There are 2 protein chains.
Amino acid sequence: MSFADTFKAMSDPVRREILMLLRSGRMSAGEIGSHFEMTGATISYHLNILKKAELVFESREKNFIYYDLNTSVVEELMLWLSELKGGNNHVEEV
Amino acid sequence: MSFADTFKAMSDPVRREILMLLRSGRMSAGEIGSHFEMTGATISYHLNILKKAELVFESREKNFIYYDLNTSVVEELMLWLSELKGGNNHVEEV
DNA sequence: GAGCTATTTAGAGTTTTTTCTAAATAGCCG
DNA sequence: CGGCTATTTAGAAAAAACTCTAAATAGCTC
């Protein structure tokens, strides 16, 4: 999905925490859920948003679904921020 | 304001475009508004969110209010993303 | 296949966000 | 001062996001 969806996905604290959890490796939906005081349905909702933003990808194994962090999209985000920060084109200095 | 507010502020496409506009230097609220098909009131609303997130700061001059990008907060955001991406602590590799 | 476990989907309720119009504030300039 | 310009604030309406409960799907394992 689009760049806008990536930012949107990152804007929720629960989703950011999920991403942080995944830093240390793949985790099943249930495992992720156990870190929050929310129903599995809500966690599933958040995972879906992260998945659509391509910030995570899933892999099915037995009857578990594992989620993995997709660092390449994080890098794209950083690139955008870097442009924002460093973008000193257009400056009218002499 | 908090870190969460910074992400929230970045999550709206209008606000991201405002930040991008400010890359090339300070701009008055009116000038910013002229780049969008929205009322001044709405632009003011967005500017206020950016200001609370410390992504921009204002300086008053005559009866204009100029807005400037605050790159240091952008850097903080990048730092967070960098931690997310690079955080390979906790890995159980052998 | 029956029952179990893991997870998602559907639908509804609540809260938050975005936008507008109208009115208020603030400072300039003649 | 009086009017003008620039911008914000207030309040309301509409849209989007988040969360829950209940039900559905899917793939084990016995």
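Quick note on labels: first sequence line is chain A, next is B, and so on, each numbered from 1. Just so it is clear, the structure is predicted and the values come from calculations on it, not from any experiment.
Counting non-hydrogen atoms under 4.0 angstrom, Ala41(B) reaches a base of the nucleic acid. Heavy atoms of Gly40(B) sit under 4.0 angstrom from at least one base atom. Within the 4.0 angstrom heavy-atom criterion, only backbone atoms of the sugar-phosphate kind lie near Lys8(B); the bases stay farther away. Residue contacts for Tyr67(A): at a heavy-atom cut-off of 4.0 Å it reaches the sugar-phosphate backbone alone, with no base atom in range.
When each of dC20(D), dT8(D), dT7(C) is scored by its nearest atom to the side-chain atoms of Ser44(B), the top-ranked nucleotide is dT8(D).
Rounding to whole angstrom units, CZ of residue Arg60(A) and P of dT5(C) are separated by 20 Å. Whole-Å rounding puts the Tyr45(A) OH to dG11(C) C1' distance at 14 Å. Spacing between atom CD of Glu37(A) and atom C1' of dC18(D) amounts to 16 Å, rounded to whole angstrom units. Between Ile43(B) atom CD1 and dT18(C) atom P the separation is 12 Å, expressed in whole Å. If you measure from atom CD of Glu58(B) to atom P of dA6(D), you get 17 Å, rounded to the nearest angstrom. Rounding to whole angstrom units, CD1 of residue Ile49(A) and P of dT9(C) are separated by 12 Å. The NZ-C1' distance, from Lys62(A) to dA6(C), rounds to 13 Å in whole Å. Straight-line distance from the CG atom of Asp12(B) to the P atom of dT18(C): 5 Å, rounded to whole Å.
Between atom CD1 of residue Ile43(B) and atom CZ of residue Phe36(B) there is a gap of 5.5 Å, rounded to the nearest 0.5 Å. How far OG of Ser28(A) is from CG of Asn63(A): 10.0 Å, rounded to the nearest 0.5 Å.
Checking side-chain atoms of Asn48(A) against main-chain N and O of Tyr45(A) turns up no donor-acceptor pair under 3.5 Å.
At least one side-chain nitrogen or oxygen of Thr42(A) sits closer than 4.0 Å to the OP1 or OP2 atom of dC20(D). Look at Thr39(B) and you'll find a side-chain N or O under 4.0 angstrom from OP1 or OP2 of dC20(C). Ser28(A) has a side-chain polar atom (N or O) that falls below the 4.0 Å cut-off from OP1 or OP2 of dT7(C).
Residue whose closest nucleotide on DNA chain D sits further toward the 5' end, between Asn63(A) and His46(A): His46(A).
Taking a cutoff of 4.0 Å between a charged side-chain nitrogen and a carboxylate oxygen, Arg26(B) and Glu58(B) do not qualify as a salt bridge.
Using a 4.5 Å cut-off on side-chain heavy atoms (C-beta onward), Leu55(B) and Leu69(B) make no contact.
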